[in-house]
**Q** 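Below is the structure I would like to discuss, written out as structure tokens.
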Amino acid sequence: MKFRTIKGVQDITPPETSLWQKVEAIARRVFRTYGYSEIRTPIIEFTELFTRGIGETTDIVEKEMYTFPDRAGRSLTLRPEGTASVVRAYIQNALHTLPAPQKFYYLGPMFRYERPQKGRYRQFHQIGVEAFGTDNPMMDAELLDMLRSLLEALGMGGLAFEVNSIGCPQCRPGYREALTGYLSGRRDHLCNDCLRRYEKNPLRVLDCKSPSCQSLKQEAPRIIDHLCDDCKEHFERFRGYLKTAGIDFTINPLMVRGLDYYTRTTFEVTSSDLGAQNAVAAGGRYDGLVREFGGPDTPAVGFALGMERLVTLLSDREGVHPPGIDVFFAILGEGLRERAFRLVKRLRSAGLSVEMDFLGSSLKSQMRRADKSGARYALILGEDELERGVVKYKRLSDGSQGEVREEELPGFFLGL
RNA sequence: GUGAGUGUAGCUCAACUGGUCAGAGCACUGGACUGUGGCUCCAGGGGUUGUGGGUUCGAGUCCCAUCACUCACCCCA
């Protein structure tokens with residue numbers, strides 16, 4: 001083999017592609033009912049868009065980006081996530097001049113230079129949504145409601161919704177101080193990773209999974225006790241709306257996000273069926289990012305779903321069912337090929353999905369193929385039929401046969 | 001970036017402590033059924049056992065290196 005895919009990327013081939021199409025179709029349908037429109041942005045951007053947006057000291061920016069110079073020497077990056085690009089597009093295309101709120105969804109590949117494992121790849125696919133122009137917590141709740149609708153439409157159970165509020169630039173510094181104050185006296189109890197986090201981003205100590213840190217966190221000050229009045233009210237109303245929407249959730253005061261732009265609401269949906277990489281969807285509010293990117297002060301909230309993980313769950317749950325065709329057209333002899341070609345075309349013009357033999361196979365093997373193709377009917381054209389102006393048909397589900405006149409061909413099958 | 005495991009036909013795997021070991025099932029193709037599928041039976045194509053070295057009379061089997069894949073950590077979707 002001369003060429004292989006590079007590490008962590010993969011081909012998606014039939015019949016799995018039908019599963020992807022299903023996920024995409026359901027997502028588009030659900031988003032439409034919530035008033036979201038599709039936005040498409042480039043998968044490549046100036047590097048600075050991500051370093052500024054996601055945060056210089058985040059893991060994504062520090063070690064996971066596909067970054068390289070273009071021929072003119074500018075630093076470009078394959079997008080590691082979708083939000084930064086959508087915010088850029090929102091400003092660049094002056095979408096803030098349209099009536100608020102503006103709601104968008106996108107889907108497509110993202111790239112992170114990580115060590116691949118189950119459910120994590122270097123090229124992976126996300127479906128994401130972003131709602132701009134309101135800080136009303138009902139929008140946060142609507143988002144979760146939409147997310148739940150989508151996951152339900154995909155037939156997924158066993159999911160857990162966790163929410164939290166990580167405050168705003170007013171209240172977070174105070175909490176950060178309280179937390180570092182608490183941790184500083186207990187540094188010898190922290191794992192090595194957390195000692196690093198303690199210096200860099202103390203909030204991330206909170207979601208460490210190591211047992212030694214786990215116990216420490218029980219007593220740690222909680223951010224939801226340090227929220228300013230506005231954030232506290234926002235969080236309370238958010239939770240109230242979630243109840244109104246009938247969403248089962250738990251508050252996880254330890255959940256912080258790995259991206260710097262989040263404010264107030266954060267949330268995550270996990271599935272126990274996924275292994276270590278168990279997050280299905282995650283998101284939150286980012287009220288400061290549009291302004292940070294030079295746009296007008298515009299609150300926003302969004303989330304992203306990992307498509308590989310959705311497809312994995314869907315596949316485990318339902319298996320893969322490639323769509324069958326309507327008709328397989330079999331011929332007895334090369335002399336009939338051209339005639340069949342014409343008839344096949346006529347059937348297709350009527351909207352039927354039709355396949356025929358190209359290899360000159362025996363009738364038996366054509367029938368085998370018809371069966372495997374999932375066709376509902378096989379048509380057979382031989383010299384005998386040609387002379388009488390008919391085509392033989394066989395219903396593959398029960399083996400019953402009959403004949404149709406050629407000129408009745410498209411119509412005969414349309415009614416079935 | 002760290003750790004562990006695995007690499008034998010398209011897929012899933014077998015081959016005892018190194019000695020006809022290069023196999024099976026599935027898939028594919030053809031035939032039994034000279035113009036008919038799904039079941040059954042038969043036959044066939046397809047592998048320099050990831051790659052490169054080494055040990056040995058002899059290596060898929062042991063050793064080293066390398067590459068790839070997998071799982072976990074980190075982190076995340």
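Reminder, nothing fancy here: chain letters follow the sequence lines and each chain counts from 1. As the structure is a computational prediction, the values presented were derived from the model and not from experiment. Every heavy atom of this structure was used, including side-chain atoms; hydrogens, water molecules and symmetry mates were not.
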**Q** Nearest-Å distance, CD (A/Glu64) to C1' (B/G1)?
**A**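 That distance rounds to 11 Å.
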
**Q** Verify whether one side chain among A/Thr83 and A/Glu130 offers a donor that lies under 3.5 Å from an acceptor in the other.
**A** yes

**Q** Given the side-chain rings of A/Phe329 and A/Phe341, with only the six-membered ring counted for Trp, is the space between their centroids under 6.0 Å?
**A**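 Distance test on ring centres: not under 6.0 Å, no.
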
**Q** For a 4.5 angstrom cut-off between non-hydrogen side-chain atoms, does A/Leu379 reach A/Phe413?
**A** yes

**Q** Taking only Lys NZ, Arg NE, NH1 and NH2, and the carboxylate oxygens of Asp or Glu, determine whether A/Arg88 and A/Glu45 approach each other closer than 4.0 Å.
**A** yes

**Q** Taking salt bridge (Lys or Arg N to Asp or Glu O under 4.0 Å) as the definition, give me every residue that meets it alongside A/Glu407, ordered by chain and number, with sequence neighbours left out.
**A** A/Arg405

**Q** Please measure how far the P atom in B/G47 lies from the corresponding atom in B/U8, and state the result in whole Å.
**A** 15 Å

**Q** Of the listed nucleotides (B/G35, B/A77, B/G31), which one gets closest to any side-chain atom of A/Ile380?
**A** B/G35

**Q** May I have all residue pairs that pass side chain to side chain donor-acceptor pair (under 3.5 Å) and include part of residues 131-157 of chain A, sequence neighbours excluded?
**A** A/Tyr34-A/Asp145, A/Tyr34-A/Ser149, A/Lys103-A/Glu142, A/Asp140-A/Thr265, A/Asp140-A/Arg285, A/Asp145-A/Arg148

**Q** Does the side-chain contact (heavy atoms from CB on, under 4.5 Å) test come out yes or no for A/Phe267 and A/Glu162, once each step is laid out?
**A** CA-CA 5 Å; A/Phe267 54 87; A/Glu162 293 183 318; over 6 Å; no

**Q** Can you tell me, in whole Å, how much space there is between the P of B/U56 and that of B/U51?
**A** 23 Å

**Q** Reckon A/Gln401 touches a base, only the sugar-phosphate, or nothing at all at heavy-atom distances under 4.0 Å?
**A** base

**Q** Please write out the pairs of protein N or O atoms and N or O atoms of nucleotides 47-50 of chain B separated by less than 3.5 Å, giving the distance to one decimal.
**A**
none

**Q** In whole Å, measure the gap between the C1' atoms of B/A77 and B/A4 for me.
**A** 25 Å

**Q** Would you sketch RNA chain B in dot-bracket for me? Only Watson-Crick or G-U wobble pairs with both distances under 3.5 Å count, crossing pairs as [ ], other-strand pairs as |, the rest as dots.
**A** (((((((..((((.....[...)))).(((((.......))))).....(((((..]....))))))))))))....

**Q** Looking only at atom P, what distance separates B/G19 and B/A32, rounded to whole Å?
**A**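 Approximately 44 Å lies between the P atom of B/G19 and that of B/A32.
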
**Q** To the nearest Å, give me how far apart CD1 (A/Ile331) and C1' (B/G35) are.
**A**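 Result: 13 Å.
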
**Q** A/Ile60 has an atom CD1; how far is it from atom C1' of B/G1, in whole Å?
**A** 16 Å

**Q** Would you measure the distance from the P atom in B/C13 across to the matching atom in B/A22 and give it in whole Å?
**A** 23 Å

**Q** What residue pairs, at least two apart or across chains, pass ring pair (Phe, Tyr, Trp, His ring centres under 6.0 Å) with a residue in residues 156-184 of chain A?
**A**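 Matches after skipping sequence neighbours: A/Tyr175-A/His226.
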
**Q** When you measure from the side chain of A/Ser361, which nucleotide among B/G30, B/C74, B/A77 comes out closest?
**A** B/G30

**Q** Could you tell me whether A/Ser362 contacts a base, only the sugar-phosphate backbone, or nothing, with contacts defined as non-hydrogen atoms closer than 4.0 Å?
**A** sugar-phosphate

**Q** Give, ordered by number, those residues of residues 76-87 of chain A having at least one heavy-atom distance below 4.0 Å to an atom of RNA chain B; if nothing qualifies, reply none.
**A**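 Close to the strand, none.
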
**Q** Could you give the distance from CD (A/Glu81) to CD1 (A/Ile60), rounded to the nearest 0.5 Å?
**A**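 Rounded to the nearest 0.5 Å, the CD-CD1 separation comes out at 6.5 Å.
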
**Q** Looking at residues at least two apart in the chain, or sitting in another chain, which of them share a side chain to side chain contact (heavy atoms under 4.5 Å, CB included) with A/Ser184?
**A** A/Arg187, A/Tyr198

**Q** Heavy atoms from C-beta onward define the side chain here; which of B/G30, B/U36, B/A77 lies closest to that of A/Ser365?
**A**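 Selected nucleotide: B/G30.
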
**Q** The criterion is salt bridge (Lys or Arg N to Asp or Glu O under 4.0 Å); which residues satisfy it with A/Arg32, sequence neighbours excluded?
**A** none

**Q** Checking all strands, does A/Ala281 fall into the base, sugar-phosphate, or nothing category for heavy-atom contacts under 4.0 angstrom?
**A**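 It contacts sugar-phosphate atoms only.
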
**Q** For atom CD of A/Gln10, decide whether the heavy atoms of other residues, nucleotides or ligands shown that lie under 6.0 angstrom number more than 12.
**A**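 Yes, the 6.0 Å shell around CD holds more than 12 heavy atoms from other groups.
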
**Q** Salt-bridge test for A/Glu403 and A/Arg388: reply yes if a basic N is under 4.0 Å from a carboxylate O, no otherwise.
**A** yes

**Q** OH of A/Tyr377 versus P of B/U36: gap in Å, rounded?
**A**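 After rounding, the reported distance stands at 21 Å.
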
**Q** Can a donor-acceptor pair under 3.5 Å be found between the side-chain atoms of A/Gln366 and the base atoms of B/U36?
**A**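 Donor-acceptor pair under 3.5 Å: no.
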
**Q** What is the distance, rounded to the nearest whole Å, between atom CG of A/Asp59 and atom P of B/U2?
**A** 16 Å

**Q** For nucleotides 67-72 of chain B, tabulate all protein N/O to nucleotide N/O atom pairs closer than 3.5 Å, reporting atom names and distance.
**A**
residue	atom	partner	partner atom	Å
B/C69	OP2	A/Lys7	NZ	3.2
B/C71	OP2	A/Lys118	N	2.8
B/A72	OP1	A/Ala276	N	3.2
B/A72	OP2	A/Gln117	NE2	3.0

**Q** What is the distance from CD of A/Glu403 to C1' of B/G35, rounded to the nearest Å?
**A** 13 Å

**Q** Establish, for the pair A/Arg239 and A/Phe235, whether the NZ or CZ atom is under 6.0 angstrom from the six-membered ring centre and no further than 45 degrees off its axis.
**A**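 Pair A/Arg239/A/Phe235 counts as cation-pi.
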
**Q** Output side-chain donor-acceptor pairs under 3.5 Å for residues 344-351 of chain A, partner residues at least two apart or in another chain, one line each.
**A**
residue	atom	partner	partner atom	Å
A/Arg346	NH1	A/Glu406	O	3.0
A/Arg348	NE	A/Val354	O	3.1
A/Arg348	NH2	A/Val354	O	2.5
A/Ser349	OG	A/Lys345	O	2.9

**Q** Collect all protein-nucleotide pairs involving nucleotides 37-44 of chain B in which both atoms are nitrogen or oxygen and the distance is under 3.5 Å.
**A**
residue	atom	partner	partner atom	Å
B/G37	OP1	A/Lys364	NZ	3.0
B/G37	O2'	A/Asp371	OD2	3.4
B/G37	N7	A/Lys394	NZ	2.8
B/G37	O6	A/Gly399	N	3.2
B/G37	N1	A/Leu396	O	2.3
B/G37	N2	A/Asp371	OD1	2.9
B/G37	N2	A/Leu396	O	2.7
B/G37	N3	A/Asp371	OD1	3.3
B/G38	O4'	A/Asp371	OD2	3.2
B/G38	N2	A/Leu396	O	3.4
B/G38	N2	A/Ser397	O	3.3

**Q** On a whole-Å scale, what distance lies between the P atoms belonging to B/G54 and B/G60?
**A**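 Comparing P positions in B/G54 and B/G60 gives a spacing of 15 Å.
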
**Q** Taking the P atom of each, how far is B/U70 from B/U12, in whole Å?
**A**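 Going atom to atom, P in each nucleotide, I get 12 Å.
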
**Q** Would you measure the distance from the P atom in B/A9 across to the matching atom in B/A14 and give it in whole Å?
**A** 12 Å

**Q** Any luck finding a side-chain donor-acceptor pair between A/Ser373 and A/Glu355 under 3.5 Å?
**A** no

**Q** Could you tell me how far apart A/Leu386 (CG) and B/G35 (P) are, to the nearest whole angstrom?
**A**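 My rounded result for the distance is 17 Å.
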
**Q** Which part of the nucleic acid does A/Glu385 contact within heavy-atom distance under 4.0 Å: base, sugar-phosphate only, or nothing?
**A** base

**Q** Test: side chain to side chain donor-acceptor pair (under 3.5 Å). Region: residues 19-29 of chain A. Which pairs qualify, not counting sequence neighbours?
**A** A/Lys22-A/Glu318, A/Arg28-A/Glu38, A/Arg28-A/Tyr105

**Q** Between B/A77 atom C1' and A/Glu130 atom CD, what is the distance in whole Å?
**A** 13 Å

**Q** Is the closest side-chain donor-acceptor distance between A/Ser400 and A/Asp398 under 3.5 Å?
**A** yes

